[in-house]
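So the structure is just underneath, and the comments pick up after that.
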2 protein chains.
Amino acid sequence: MDLSVYFSINCILILKIVLMEITTLKDIASKLGISVATVSKALKDYPDVNKDTKKKVLHMANKLNYTPNQLAVNLRTKQTKTIGVIIPTTVHHFFSKVIDGVIAEAEKKGYLVIILQSDEKLFLEKLHVNLLIDKRVDGILMSLSNKTNEFVHLKKIISRNIPLVLFDKVEPSIACSKVRIDDQKAAYDAVSHLIKKGYRKIAHFRGDLNPKISNDRFEGYRKALLDHQIPYDPSLVYICNNNKDFEDGYQNAQKLIKEHKDVDAIFAITDLVAVGIIKYFNELSIKIPDDIAVVGFSNWFMSSVVTPTLTTVDQPAYKIGKTATEILLEEIELLHQEQPITHKEVILPTHLILRESS
Amino acid sequence: MDLSVYFSINCILILKIVLMEITTLKDIASKLGISVATVSKALKDYPDVNKDTKKKVLHMANKLNYTPNQLAVNLRTKQTKTIGVIIPTTVHHFFSKVIDGVIAEAEKKGYLVIILQSDEKLFLEKLHVNLLIDKRVDGILMSLSNKTNEFVHLKKIISRNIPLVLFDKVEPSIACSKVRIDDQKAAYDAVSHLIKKGYRKIAHFRGDLNPKISNDRFEGYRKALLDHQIPYDPSLVYICNNNKDFEDGYQNAQKLIKEHKDVDAIFAITDLVAVGIIKYFNELSIKIPDDIAVVGFSNWFMSSVVTPTLTTVDQPAYKIGKTATEILLEEIELLHQEQPITHKEVILPTHLILRESS
DNA sequence: TTGTACGCGTTATCAG
DNA sequence: CTGATAACGCGTACAA
């Protein structure tokens with residue numbers, strides 16, 4: 001017999017003995033010979049309870065290590081002090097920072113966070129919405145998947161009177177609060193920067209056709225060109241839709257070089273795409289930014305350590321998560337107090353971070 | 001008045017009208033003129049209920065969009081179908097992949113996941129343990145913070161009879177299941193690889209002194225040297241403990257070059273440290289691997305796109321999360337069935353990924 | 001100041 | 001096969 005297994009079993013036996021009993025109000029009440037109601041009130045600092053009994057209750061509660069059973073509290077108060085988050089994926093620098101912000105803010109206000117991933121699939125998004133509704137979370141935070149093109153599940157949340165805040169990938173037609181950046185303006189700024197630096201033949205590696213975010217960035221790109229009297233050339237726009245941003249960037253860079261030898265800059269929809277481009281150019285010894293400049297989007301950590309370092313748009317991920325959560329918790333609070341809710345749309349500022357690649 | 005605000009308020013009014021009532025067993029029962037008990041049984045497919053009534057109940061439940069109130073279910077069954085995860089941070093490639101694995105596996109089995117961050121602080125770790133216990137999660141998954149040097153909070157979990165699985169950063173003395181890699185062997189393999197490639201003066205950028213993980217990797221480094229008749233030189237070991245891995249790598253590389261001009265390889269405790277080293281060497285035009293080879297640890301995505309690409313130890317993050325969750329859910333299930341639990345210690349294999357930097 | 005009694009929505013036992 | 005009834009643990013209006 002393996003020693004570690006033996007050890008483990010041994011431990012279980014010991015544990016059975018040390019097992020801590022969970023104390024309830026009833027336990028305290030019976031030990032003290034008073035009623036459950038009084039104990040409850042004492043613990044919640046009600047005014048109509050004798051100082052002495054309160055002290056006794058507090059002492060006993062402490063001694064028995066009492067903590068209220070949240071399940072029972074939830075059932076009574078109809079609040080779970082829990083919010084749900086649905087995002088495409090956690091394995092993503094942007095989203096993990098958003099989560100960081102969400103958890104930090106929620107925790108500060110005494111809320112717990114349940115995280116679910118849509119994996120960019122509509123049916124999973126729907127499934128998870130139902131899961132969260134059944135779980136009776138107090139509110140829901142969502143960044144929509146790229147494939148989401150119908151919104152009954154969002155309407156269901158709203159019709160159930162559960163506060164919903166959309167962030168990042170947002171649907172304008174849904175009546176709820178939203179937190180996002182101005183993708184069009186951010187893209188416009190990035191491309192304008194390239195133009196000001198003297199680049200003229202600027203390609204754009206864009207995202208899928210459906211998501212608003214990708215169209216907005218594309219529009220920003222186009223507008224920047226037109227506003228600076230550079231004709232818009234559709235053949236300079238490449239679509240990255242394999243959900244493999246890095247390889248999309250790498251492969252499209254390859255294509256681009258074949259099809260447009262004279263291109264002098266690329267605006268990529270995402271840092272990952274940009275890093276794919278950089279990788280390819282490095283392999284071919286195409287000099288960045290001397291031969292071709294590259295600008296990314298999101299300011300992933302990676303963009304600051306890659307060679308050359310990447311000029312990119314800083315997207316305040318942590319702040320997006322934090323703000324969305326603030327609004328959500330506010331709405332939850334208002335709802336609880338039966339006060340009217342006014343939905344907000346917050347647009348957080350972005351900044352272009354200038355680095356070596358442009 | 002701002003139009004969007006007006007629009008929002010309008011929407012609220014509409015919502016109030018569409019508000020969906022939540023149906024309970026009682027509703028179904030009264031509509032059908034039967035008892036709650038029968039409805040409950042019909043819905044749960046108990047054998048002792050008439051086919052006709054069952055059909056009627058099912059139909060009505062469907063019509064009214066009935067879903068059981070999980071809060072009540074939880075209170076009754078004393079299960080929340082929720083597990084808690086405490087990790088140092090979500091903003092970390094390794095941990096976000098672990099989370100991915102955890103959520104995927106939990107979801108498959110119908111469990112939800114609450115995530116909390118210790119931010120490498122012991123007091124937060126303790127706080128969160130209490131939060132999760134109060135929340136009555138069915139089980140807890142933890143990767144300990146670097147600062148964790150006492151374990152009463154872990155013992156508290158166990159004494160409450162809540163299944164606990166430790167992963168990645170593990171404490172051997174705690175009687176619970178564990179999922180981890182063999183850090184010492186992984187480090188040994190990495191350094192042996194350098195030696196076989198002909199490198200002789202190999203530095204090690206290690207982690208903080210406390211965490212087991214960092215000591216294990218250091219031991220692997222030392223053993224590999226000794227086993228290959230290379231004397232161990234303590235002055236070649238640099239400590240990275242600023243919690244800023246990238247900068248630690250960068251700065252220690254600077255120091256190393258000053259203090260040991262003839263060093264020919266570095267084994268870094270983490271890819272981030274390695275990338276910091278690479279960055280510094282790139283700036284100084286020190287050739288990797290010709291002048292100095294670099295090996296990292298973890299196989300972050302970044303390591304495959306940096307220039308030169310980084311040789312590193314692949315740590316199966318997703319699998320670690322998935323396996324830990326599997327074991328946890330198993331133990332939860334066993335506990336629920338009042339069957340004895342045997343703790344497991346799973347050691348997942350790592351692989352050295354050979355790239356350009358060595 | 002304290003205690004009684006009920007409700008939250010389910011599940012489970014047991015009698016009919 | 002069906003339905004009272006109790007219980008889970010807590011909160012609170014109301015009676016004492």
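Below, chain A is the first sequence line, B the second, and so on; all start at residue 1.
Regarding A:L32, its CG atom lies at a distance of 11 Å from the P atom of C:dT2, rounded to whole Å. Rounded to an integer number of Å, the gap from A:K135 NZ to C:dT10 P is 15 Å. Rounded to whole Å, the distance from CG on B:D52 to C1' on D:dT2 is 14 Å. What separates CG of A:N74 from C1' of C:dG7 is a distance of 16 Å, to the nearest Å. Remark: P of D:dC10 and CD of A:Q79 are 17 Å apart, rounded to the nearest angstrom. As rounded to whole Å, 9 Å separates atom P of D:dC10 from atom CG of A:L43. The interatomic distance linking B:I22 (CD1) with C:dG9 (P) rounds to 9 Å, in whole Å.
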Return the polar atom pairs (N/O with N/O) between nucleotides 6-9 of chain D and the protein under 3.5 Å, or none.
unit_1, atom_1, unit_2, atom_2, d
D:dA7, N3, B:R76, NH1, 2.8
D:dC8, O3', B:K78, NZ, 2.9
D:dG9, OP1, B:K78, NZ, 3.1

Please write out the pairs of protein N or O atoms and N or O atoms of nucleotides 13-16 of chain C separated by less than 3.5 Å, giving the distance to one decimal.
none

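Here the options are B:N69, B:T82, B:T80, the test is side-chain hydrogen bond (donor to acceptor under 3.5 Å, both in side chains), and the partner is A:K135; only B:T82 passes. With B:H153 as the partner, the side-chain hydrogen bond (donor to acceptor under 3.5 Å, both in side chains) test is satisfied by one option alone out of B:E125, B:K126, B:H128: B:E125.
When all heavy atoms of A:T325 and A:V102 are compared, the pair lying nearest together is OG1-CA, 3.3 Å. Of all the heavy atoms in B:L144 and B:L154, the pair that sits closest is CD2-CD1, 4.0 Å. Heavy-atom minimum distance, A:V98 versus A:F167: CG1-CE1, 3.6 Å.
Between A:T53 and C:dT2, a side-chain N or O to OP1/OP2 separation shorter than 4.0 Å is present. One finds a side-chain N or O of A:S40 lying less than 4.0 angstrom from the OP1 or OP2 phosphate oxygen of D:dG11. Distances shown here put every side-chain N or O of A:T38 at or beyond 4.0 Å from the OP1 or OP2 atom of C:dT2.
Rounding to the nearest 0.5 Å gives a distance of 6.0 Å between CG of B:L112 and CG of A:L132. Note that CZ of A:R136 is 6.5 Å distant from CZ of A:R160, once rounded to the nearest 0.5 Å.
Annotation: side chain to side chain contact (heavy atoms under 4.5 Å, CB included) contacts of B:S35 (sequence neighbours excluded): B:A37, B:T38.
The existence of a salt bridge linking B:E326 and B:K109 is excluded, since no basic side-chain nitrogen approaches an acidic carboxylate oxygen closer than 4.0 Å.
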